[in-house]
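Here is the structure we will look at.
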Amino acid sequence: MKFVVINGSNLNMLGIREPDIYGRETYADLVERVKKHAEEKQVEVSFVQSNHEGDLVDAIQQAFFDKADGIIINPGAYTHTSIAILDAVKAVKIPTVEVHISKVDEREDFRQVSYIRQACVKTVTGMGIEGYNMAMDHLMGLLGEKQ
Ligand code: DQA
């Protein structure tokens with residue numbers, strides 16, 4: 001199985017940005033932790049991070065051309081604004097889990113809207129960086145059932 005982990009705007013600033021909300025672990029820590037989990041589960045994983053909306057659309061399309069089995073995505077603030085990212089997930093039809101490090105449901109009103117959610121098989125929020133591994137486990141369960 002092959003998964004792509006896509007992180008959007010400002011997630012490269014983890015560890016620096018608002019540590020009371022997002023924790024002290026860095027983006028490099030995130031990558032290391034998810035890589036370790038993937039190794040344990042014997043699945044392939046690759047990572048993309050960009051602050052640019054179009055790059056995230058490209059990464060979703062690339063997952064299709066690379067025949068990825070699942071996408072784990074935290075679009076950052078583009079969650080709340082981007083129809084283009086929603087359309088990309090719909091276009092590729094790859095099982096996708098939406099992840100948020102923070103408890104978005106308990107934050108500002110503008111964070112209550114998620115365009116991408118309707119195209120996702122699951123949403124994980126408020127579990128910190130571990131949420132990415134939970135998303136991977138969910139996809140593995142889902143894909144295992146289909147085999
Ligand atoms: C976030 C929540 C978003 O509202 C915010 O814009 C982010 C990070 C999260 O992981 O909790 O950049 O997606």
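Remember, it's 1-based here, ligands and their atoms both numbered in the order they're listed. These figures come from a predicted structure and were not determined experimentally.
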Find out whether D105 and Q112 are in side-chain contact, i.e. whether some heavy atom of one side chain is under 4.5 Å from a heavy atom of the other. yes
State, to 0.1 Å, how close S102 and I21 come at their nearest heavy-atom pair, and which atoms those are. CB-CG2, 3.6 Å
Close approach, K103 and ligand 1, non-hydrogen under 4.0 angstrom: no
I'd like to check L143 versus F3 (side-chain heavy atoms, cut-off strictly below 4.5 Å). Are they in contact? yes
Atom 5 (C) of ligand 1: the protein heavy-atom neighbour that sits closest, reported with distance to 0.1 Å: R111 NH1, 3.3 Å
Kindly identify the option in M13, H100, R17 whose heavy atom sits closest to atom 12 (O) of ligand 1. R17
Go through ligand 1 atom by atom and flag the ones less than 4.0 Å from a non-hydrogen atom of H80. 3 (C), 4 (O)
Check each of T81, V104, I101 against atom 9 (C) of ligand 1 and report the one with the nearest heavy atom. I101
Polar atom proximity, L11 to ligand 1 (N or O, under 3.5 Å): no
With a cutoff of 4.0 Å, is Y22 in contact with ligand 1, counting heavy atoms of the residue only? yes
Can an N or O of T79 be found at a distance shorter than 3.5 Å from an N or O of ligand 1? no
Within the structure, does S102 bring an N/O atom to less than 3.5 angstrom of an N/O atom in ligand 1? yes
Can you tell if the side chain of I85 reaches within under 4.5 Å of the side chain of E53, non-hydrogen atoms only? yes
When you compare the side chain of V97 with that of C120, does any pair of heavy atoms fall below 4.5 Å? no
Would you indicate whether the side-chain heavy atoms of L139 and D69 approach each other to under 4.5 Å? no
Indicate yes or no: does E40 engage K36 in a salt bridge with an N to O separation below 4.0 Å. yes
